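Atoms within a ligand are numbered from 1 in the order they appear, just like the ligands themselves. The figures that follow rest on heavy atoms only: side chains count, while hydrogens, waters and symmetry mates do not. Keep in mind that what you see is a predicted model, and the values were worked out from it rather than measured.
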Amino acid sequence: MRPFYLPLCAALWFAASSPTIASQPVDLGKDRAIESCSACHQVTADQKLPAPVPNPDQLEMVAAPSFASIAAAYEGKDRELRAFIKTPQHPMKEQQFLDSDLDAIIAYIHSVDNQRW
Ligand code: HEC
């Protein structure tokens, strides 16, 4: 490739990865995750670790996994991930979501796959 093409490639890459165009559901999912999940889970790389949650079933404290480790554990398992969020087990509490918000949260979880936190 001649050097002449490089700025064009950079511009295309920027357009394709620009958050306002390409990743709206991911941004929405991040906002929803901060609202609905961050009390117990670390949902962004720079969030401070939340305190462990008491588990009434076992009289012990449970640390919720970070979203990066959830992304790794549920890679390619959208159905299971959706099912768990809709019908969680103790001590995670059940919450109601619009389908579009749930899709966005799942898209956000996938977006942090391959990150380590
Ligand atoms: C009240 C605290 C709390 C909130 C709020 C919460 N979780 Fe959890 N979640 C937990 C805990 C604690 C665990 C670990 C359960 C265990 O290890 O038994 C967990 C586990 C999970 C798991 C992993 C299940 C597995 O297979 O190990 C997923 C996925 C998950 N949460 C997603 C979410 C999402 C998405 C939200 C927001 C919509 C959310 N959680 C909100 C406490 C919470």
Legend entry - Passing option when P91 is tested against P54, C40, P56 for side-chain contact (heavy atoms from CB on, under 4.5 Å): P56

Contact table ligand 1 N or O to protein N or O, d under 3.5 Å:
from: ligand 1; atom 1: 7 (N); to: H41; atom 2: NE2; distance (Å): 2.8
from: ligand 1; atom 1: 9 (N); to: H41; atom 2: NE2; distance (Å): 2.8
from: ligand 1; atom 1: 26 (O); to: Y74; atom 2: OH; distance (Å): 2.4
from: ligand 1; atom 1: 31 (N); to: H41; atom 2: NE2; distance (Å): 2.8
from: ligand 1; atom 1: 40 (N); to: H41; atom 2: NE2; distance (Å): 2.8

Inset, instruction - Hey, could you give me each pair passing side chain to side chain donor-acceptor pair (under 3.5 Å) that has a residue in residues 39-59? Not counting sequence neighbours. - result: T44-D46, D57-H90

Inset, instruction - Name all residues meeting the side chain to side chain donor-acceptor pair (under 3.5 Å) criterion together with S69; count only those two or more places apart in sequence or in a different chain, and write none if there are none. - result: S66

Inset, instruction - Give a yes or no on this: more than 12 heavy atoms of other residues, nucleotides or ligands lie within 6.0 Å of atom CD of E60. - result: yes

Inset, instruction - Among residues two or more places apart or on two chains, list those pairs meeting salt bridge (Lys or Arg N to Asp or Glu O under 4.0 Å) that have a residue in residues 93-117. - result: R32-D101, R82-D103

Legend entry - L102, I70, I105 screened by side-chain contact (heavy atoms from CB on, under 4.5 Å) with L81, the one that passes: I70

